[in-house]
Visitor: 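My questions will all concern the structure given below.
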Amino acid sequence: MKSKTASFLKKNKKQLLEAWMHNQLADSTLRDDLITNEELGKQSEELLDSLLKALGSGEFNADSDVFQPVVDIISELSITRARQGFSPRETSLFVMSLKRAFYSIMDKEFANDPALLYQEAVIINNLLDTLSIITMETFIKGREEVILRQTDEINEISTPVIRVWDGILALPIIGTLDSARTQIVMENLLQMIVETGSRIAILDISGVPTVDSLVAQHLIKTVSATRLMGAECIISGIRAEIAQTIVHLGIDLSNINTKASLASALKLAFNMLGVEVRRGEKKSII
Amino acid sequence: MMTLTKEKLTILREPDVIFFRNKAKEYAVKIGMSLVGQTKLITAASELVRNMLRYANGGEAILEIVVRNNIKGVRLTFADKGPGIKDVKQAMQDGFSTGKSLGLGLPGAKRLSNEFDLKSEVGKGTTVTIIRWKNGL
Amino acid sequence: MDKIPILKMGEFLLVTIQVDLYDRLALALENDLINMVSKTEARGVLIDISAVSIVDSFMGRILGNIASMSKIMDAETVVVGMQPAVAITLVELGLTLTGVYTALDVEKGMELLRSKIGYLPLDEENLYDDLN
């Protein structure tokens, strides 16, 4: 872009802003329920100011350092708007509508030099396209952060360690057991073993949909870590189809205590600890 | 990827192993790595520093805090001018050792890191680089 | 040079590792411990590593060696108090310390040693004495 054009645009900032605001206010998708015209005007002016300042430098690549302030403003705006409940489309249209304002101003000025008009229009076009992509990216990034946080929360909630008896812990695992999950299961379990001084941990996998060799490897790792701490592990809740896949895949679980149900695992745990559970003399209530 | 902090240490004697481990731990704590993450990092560091002492009579170790995609991590580089590794593929196998060790050093260090890179030239030396990210598994 | 103290408790030897071991210290411990087993004819060795924040393959090998050597001299070895982070790291490293017994703390380690060498806890012994 010629420096002449840049300074011309700077001089006509007021008209530009007016045209842009006009475009925005005329748009049928304007969310006057979420933002006041006054605030919209303020946001628009701030963005336009920094954009014109950057254009004055003679650099037109949105990835360059000169445009960093513009990108910062846009990212900030995109995040606040996402929180306010704007759709990504609306935020991106906010930037796109500036394009038309530029065109209308430049159209008048360069009416007698179409070649220059075209040249400058392409630059503005590319620049604003990039900026509008940035609004989209920031929006998605904001969403991704929410998802990540939720995943962490779900993992945290879905791996409770229950103290079922003095010295016996139970860990019902529900859902797929991937590496991230295994890590959390292991850490929670080992921490609880230390805290409670428990000697036996029962991993119940009735809620695990499938056990492939990777899941089995994760289970074996958990058992090994538990043993290194000086506690013993029992894996319970092995359904018929899981037993079948385990054998078909050639996974060796022979040196791990396995039981079909949590009840029989608990019985084995009692046995290992030398605890005896008996029905009392008193007549049972149920 | 950007480097925020960088420090270079020379490893020549056995006690340097412990000094380096403590330094690595300091870096891991600085970026807020979990206790398990820290332990994995310093264990991997211990294996690699020890390799350097055993096979190349020492070398240089570089500690860095790096950032990629807004996530911080610790990068450790171990460079020696030792004999180099003839068969890298074999050296990366569990249980293989030319010395009298368990042969878990290299493959174990790889499992304990999030990123692992080994470059070796026979007669010239070996460089191993590992990264553990703050939130890495 | 530093030295790690070895305590004799009846038929057992107790070692508490309070510092991060460098190689020579670890090797010296292995040597001292095995000599001590031989001298005292101990039946069990208890190694408390609850203050140890890192066990690498070298340290793992030393622990394994101590267990195997003691075994030949008819003494069982129990490693007690491993930190969760250390256990998780060892598994990832591929070291499961086969042949080494483990226990949560010194007390449970003692109990395990007694059961391994066929000893009854003290109070039960007395009980049998009373019956006779």
Side-chain angles (χ1 to χ4, degrees), chain B residues 11-26 28-29 33-55 58 91-97 99-114 116 130 132 136-137, chain C residues 1-4 17-32 34 47-69 71 77 79-100 102 104:
Chain B
I11 309 287
L12 282 175
R13 300 169 308 125
E14 240 181 51
D16 293 341
V17 177
I18 295 191
F19 182 72
F20 181 78
R21 264 184 350 208
N22 292 341
K23 265 268 179 268
K25 182 160 185 139
E26 223 173 82
V29 170
M33 205 184 274
S34 72
L35 182 63
V36 175
Q38 289 169 29
T39 311
K40 285 184 178 177
L41 178 77
I42 55 172
T43 308
S46 187
E47 300 291 340
L48 295 170
V49 174
R50 183 161 281 131
N51 271 352
M52 217 156 62
L53 278 174
R54 185 180 298 141
Y55 298 107
M92 290 305 299
Q93 266 165 22
D94 269 333
F96 175 82
S97 174
K100 273 188 293 175
S101 71
L102 296 172
L104 287 172
L106 281 179
K110 185 177 180 182
R111 281 193 293 267
L112 294 173
S113 319
N114 295 133
F116 181 95
I130 61 168
R132 261 204 82 84
L137 289 178
Chain C
M1 202 170 92
D2 316 333
K3 216 174 162 85
I4 293 171
I17 302 175
Q18 302 274 16
V19 290
D20 277 341
L21 293 180
Y22 52 89
D23 299 15
R24 215 165 318 151
L25 191 58
L27 287 169
L29 173 67
E30 176 187 304
N31 194 29
D32 290 354
I34 298 309
I47 305 175
D48 178 13
I49 59 164
S50 54
V52 173
S53 59
I54 169 177
V55 174
D56 58 8
S57 65
F58 179 80
M59 173 87 173
R61 186 158 61 114
I62 298 278
L63 291 175
N65 284 353
I66 292 174
S68 314
M69 292 170 187
K71 182 85 192 159
T77 304
V79 170
V80 304
M82 188 184 290
Q83 294 294 328
V86 173
I88 293 173
T89 304
L90 274 183
V91 169
E92 208 63 54
L93 188 64
L95 204 68
T96 45
L97 298 184
T98 26
V100 182
T102 51
L104 285 172

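Proteins get letters first, then strands, A, B, ... in listed order; numbering begins at 1 in each. Values in this document were obtained by computation on a predicted structure and should not be read as measured data.
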Visitor: Please report the shortest heavy-atom distance between C:S53 and B:I42, naming the atom on each side.
Guide: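 So the two residues come closest at O-CD1, 4.5 Å.
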
Visitor: Considering only heavy atoms from C-beta outward, does the side chain of C:Q83 approach that of B:T39 to under 4.5 Å?
Guide: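 Of all side-chain heavy-atom pairs linking B:T39 with C:Q83, none is under 4.5 Å.
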
Visitor: Walk me through it: do C:T89 and B:L112 pass the test side chain to side chain contact (heavy atoms under 4.5 Å, CB included)?
Guide: CA-CA 7 Å; C:T89 304; B:L112 294 173; 3.7 Å; yes

Visitor: Please flag which part of B:L35 lies under 4.5 Å from any non-hydrogen atom of chain C: side chain, backbone, both or neither.
Guide: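 Answer is both: backbone and side chain atoms of B:L35 are under 4.5 Å from chain C.
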
Visitor: Would you sort out whether C:I54 and B:K25 count as a side chain to side chain contact (heavy atoms under 4.5 Å, CB included), showing the intermediate values?
Guide: CA-CA 11 Å; C:I54 169 177; B:K25 182 160 185 139; over 6 Å; no

Visitor: Identify the heavy atoms of C:E92 and B:R111 that sit nearest to each other, and give their distance.
Guide: O-NE, 2.8 Å

Visitor: List the steps, then state whether side chain to side chain contact (heavy atoms under 4.5 Å, CB included) holds for B:T43 with C:L93.
Guide: CA-CA 9 Å; B:T43 308; C:L93 188 64; 4.2 Å; yes

